[in-house]
Amino acid sequence: MTLMDLHGWRESALIDGAWVPASDGKGTAVYDPATGARIAVVPSLGAEDTKRAIAAAEKALVAWRACVAGERADILMRWYALMLEHAEALARIMTAEQGKPMAEARGEVVYAAGFVRWFAEEARRIDGEIIPAPRSTQRILVWREPVGVTAAITPWNFPAAMVTRKVAPALAAGCTMILKPAPETPLTALALAALAEEAGVPAGVLNVVTGDAAAIGGALMDSPVVRKLSFTGSTPVGRMLYAQAAPTLKRLSLELGGNAPFVVFDDADLEAAVDGAMLGKFRNAGQTCVCVNRFLVQDGIHDRFVERLHARMADLVVGPGTDPRSTIGPLINERAVVKVDDHVADAVRRGGRLVAGGKRERGLFYQPTLIADVPADAKIARDETFGPLAGIIRFREEAEAIRLANDTEFGLAAYLYTRDIGRAMRVAGALEYGMVGLNEAAISTEVAPFGGIKASGMGREGSRHGIAEYLELKYVMMGGL
Ligand code: SIN
């Protein structure tokens, strides 16, 4: 019995309310990154299956957009409740396919469910406007309408939260959706879709297509029926999707790569900064877009910060996510391990001082690594590491910190630790990022607008701005009154 069978969920794609195999019968295996064991096989859908899902979403749109907001909200609230009811099962499936420690997986279920509740609440606040008209015989009404059929392509690092962050606002707005989860982590998405179905989401409103990325992505991007795509993933893929969206002029939300700086000034609360560093760097073994990629630490606090961070890192336990003692799970695949190794070797080759770790432990597990005196031109300063490597760059002046922090093509998240209110406001304002954690590393929440600028993408997820991504404005000019 597989984990999915155990909970009555299917390793099948969901099209028009039916759980289906690929039309050619092909499948894609899913592996546990902690053990390398094959844990499931999901359908490997292609372009034709995807076109069927698009047609189903188009057909379902008519009734779903006509459904009153309160009804959509009630269905989403039931989905939210079911997610919490099945939190343990969802967390187990997530840990099995993604590797994160069970405590983090449980936390992700709550985080993911939070988006469903938030957008259920927002559904009833989709209002309009009346604008004073230029003539007394006129009235101007502004309506917010669903964008229509939408698509989402989600990543493997947050198999639940990145799904609900896209599906919930789409459904709340009255859109239908075709979801393509990451090939590494389709099971959590399928389990969530089964719960959505149980909650009362009608057939065709949410379709889940697993399988061939190029074929599915191509069919979604080519279709004029699909009016919007929301994608979370790498910047190169985001650029490709942006180009592919041009012929049909699709709306896009792109949450792409990051290269988060974590700036610690001399006047910072050292313990708070170290707490923030631990969370901001080692959550999900460093595999988040908002994970700290480089620490910029001022001269006067530098040595104490390195010493405290090193001491705290000794508490990290590398091991399978199913072991309750583990705090650092495996990386997702061999390519990820090779990349972290490359960033470590590069930093050391350029004069960085290896303080802790620096090696693969076994399989896909990598030691939490600390490198001090990293030069500002090292790879970790330019390229997203996506692993448990903390590299510390020393700086002297505030202006130098701002220059180093902004010296990247990315602009997703940045962190800043200082107790000087003037400096806090100055530096937060000068950081060219979509999100800034000021004396705080826990910035991800459904109530705030998550997203980046520059090569980190466009659009916002979460908060009241998240639902606007799935709404169009229509204005009606009434005359002859
Ligand atoms: C991401 O890594 O893309 C999302 C991280 C988060 O929601 O905190």
Side-chain angles (χ1 to χ4, degrees), residues 83 94 98-101 103-119 152-169 179-182 184-185 188-189 192 229-238 241 252-262 276-293 329 331-332 336 339-340 383-388 410-415 433-437 440-463 465-466 469:
M83 284 182 66
M94 202 189 307
Q98 199 273 340
K100 64 180 62 183
E104 284 195 39
R106 289 187 189 105
E108 187 182 334
V109 174
V110 175
Y111 177 41
F115 286 106
V116 179
R117 177 171 62 173
W118 174 266
F119 286 112
I153 301 179
T154 53
W156 51 263
N157 60 344
F158 286 86
M162 298 305 102
V163 166
T164 56
R165 195 152 89 176
K166 298 177 193 309
V167 175
L179 166 69
K180 187 211 161 294
E184 295 86 349
T185 58
T188 308
L192 289 174
L229 170 79
S230 177
F231 168 72
T232 296
S234 74
T235 295
V237 175
L241 293 169
L252 287 177
S253 300
L254 300 174
E255 200 257 276
L256 309 177
N259 180 1
F262 186 103
M278 292 298 291
L279 176 68
K281 179 66 248 184
F282 297 107
R283 173 177 174 232
N284 204 14
Q287 303 174 106
T288 91
C289 298
V290 292
C291 266
V292 180
N293 215 59
L331 299 187
I332 192 69
K339 186 168 194 189
V340 179
D383 189 15
E384 197 173 27
T385 308
F386 242 59
F410 298 106
L412 190 60
Y415 305 89
Y433 289 83
M435 298 174 282
V436 175
E440 180 59 80
I443 59 170
S444 301
T445 158
E446 71 277 13
V447 308
F450 189 106
I453 59 172
K454 296 163 67 180
S456 293
M458 61 188 66
R460 294 295 179 267
E461 298 188 300
S463 81
H465 303 286
E469 303 273 334

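For ligands, and for the atoms within them, numbers begin at 1 and follow the listed sequence. Along the sequence shown, the residues carry numbers beginning at 1.
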message: I need the minimum non-hydrogen distance between M458 and L252, along with the two atoms involved.
response: CG-O, 4.0 Å
query: Taking side chain as C-beta onward, heavy atoms only, is F158 less than 4.5 Å from N284?
result: yes
- request: Determine whether T185 and M94 make a side-chain contact, defined as any pair of heavy atoms from C-beta on separated by less than 4.5 Å.
  value: no
From CZ (F450) to CD (E255), nearest 0.5 Å: 4.5 Å
- prompt: Atom OG1 in T385, atom CG in N293: separation rounded to 0.5 Å?
  reply: 4.0 Å
- request: Quick one: pull up CD in Q98 and CD in E104 and give me the separation to the nearest 0.5 Å.
  value: 8.5 Å
Write none if no such pair exists; otherwise list each N/O atom of ligand 1 with its protein N/O partner under 3.5 Å and the distance.
{"residue": "ligand 1", "atom": "2 (O)", "partner": "N157", "partner atom": "ND2", "Å": "3.0"}
{"residue": "ligand 1", "atom": "2 (O)", "partner": "C289", "partner atom": "N", "Å": "2.7"}
{"residue": "ligand 1", "atom": "3 (O)", "partner": "E255", "partner atom": "OE1", "Å": "2.9"}
{"residue": "ligand 1", "atom": "7 (O)", "partner": "Y111", "partner atom": "OH", "Å": "2.7"}
{"residue": "ligand 1", "atom": "7 (O)", "partner": "R165", "partner atom": "NH1", "Å": "3.0"}
{"residue": "ligand 1", "atom": "8 (O)", "partner": "R283", "partner atom": "NH1", "Å": "3.0"}
{"residue": "ligand 1", "atom": "8 (O)", "partner": "R283", "partner atom": "NH2", "Å": "2.9"}
{"residue": "ligand 1", "atom": "8 (O)", "partner": "S444", "partner atom": "OG", "Å": "2.5"}

